[in-house]
Amino acid sequence: MPKTNAFTHRLAIFASGAGSNAQQIINYFKGRNEVNIALIVCNKPNAGVVTIAANENISLLIIEKETFFRGNAYLDELRKHNISFIVLAGFLWKIPQLLIHAFPNKMVNIHPALLPKYGGKGMYGHFVHESVLENHEKESGITIHYVNENFDEGNHIFQTTCPVLADDTPDSLAARIHILEHKYFPEVIERVLIDLED
Ligand code: GRF
C-alpha cells in the first residue's frame with residue numbers, strides 16, 4: 001500500500017460478539033500508518049470485543065437502540081473520530097439508512113456462508129451453519145460484501161469456499177469458516193481501501 005499521509009484511513013469496527021475478526025484486523029494493520037483502527041463500536045457492553053478494545057487501547061463506543069435507529073445513528077460520534085470506513089465484523093443490528101448514505105461504498109460486512117444462500121434476517125452465527133448442514137451442502141464459505149439497506153444483500157467483493165464434512169457439527173463448521181475469515185478479511189479490507197485511493 002502506498003505510504004500517504006499518516007492515518008489516511010480511519011476505520012471503525014462494529015461488532016457484537018467475541019471479536020476474533022476484529023482482533024485479526026487490528027493485528028494486520030498494527031504499525032501501518034496508512035490504516036488506523038480508530039474505534040470499536042459495540043451494542044453489548046459485556047461482549048468479548050469490548051475487552052479487545054481495552055487491551056488494544058482503541059476507543060470504544062457502546063451504542064443503544066434508541067439513538068442508533070431513531071436518533072442520528074451515532075453519526076456525530078463517528079465524525080468526531082474522523083471515521084472514513086466502517087467494517088462490520090459480527091455486528092447483528094441492521095444498519096440505518098442514514099449511516100449507509102454517510103458511508104457510500106465505505107462499509108463492508110463479512111458473512112459466514114456463500115451468499116445469496118443462507119443470508120437475511122435471523123441468519124447469523126450457528127443458525128447459518130445449522131441450515132447449511134440441514135441442507136446437506138457439500139461446501140460453505142465466506143462472503144465479504146458492501147452493506148446496503150437490506151441484510152446481506154450488498155454487492156459481493158469476495159467469496160471463498162471450504163468443504164462441509166459428513167461428520168460436521170455447527171461448531172466444527174464454524175471453526176473452519178473462522179479460519180477463512182481470519183485469513184481473508186483483513187486482506188480484502190486492505191484491497192478495498194487501496195481501490196478507494198484510485
Ligand atoms: C463471524 O463468523 C462473522 O462471519 C459473522 O459473525 C461472526 C463473528 O465472529 N458475521 P467474531 O466475533 O469475529 O469471532
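Throughout, residue positions are numbered sequentially from 1 according to the sequence presented. Numbering of ligands and ligand atoms starts at 1, following listing order.
For the 3.5 Å distance criterion, the side chains of S140 and H129 fail to qualify, holding no donor opposite an acceptor. Using modelled atom types, one finds no donor on one side chain facing an acceptor on the other under 3.5 Å when comparing Y118 with D152.
Listed by chain and number, the hydrophobic cluster partners of I83 are F14, L39, V41, L61, I63, F68, F69, Y74, L75, L78, I86, L88, F91, W93, I95, L98, L99, I100, F103, M107, V147, where partners are ILVMFWY side chains within reach of under 4.5 Å, directly or through others.
Sorted by chain and number, the residues within 4.0 Å of ligand 1 by heavy atom are G17, A18, G19, S20, N21, G90, I110, H111, P112, H178, E181.
R176 has a carboxylate O that lies under 4.0 Å from a charged side-chain N of D168, or vice versa, which qualifies the two as a salt bridge. Between E149 and K94 there is no salt bridge, since no side-chain nitrogen of the basic residue lies less than 4.0 Å from a carboxylate oxygen of the acidic one.
Ring orientation note: the planes of Y124 and F127 are nearly perpendicular, at an angle over 60° on the 30°/60° scale.
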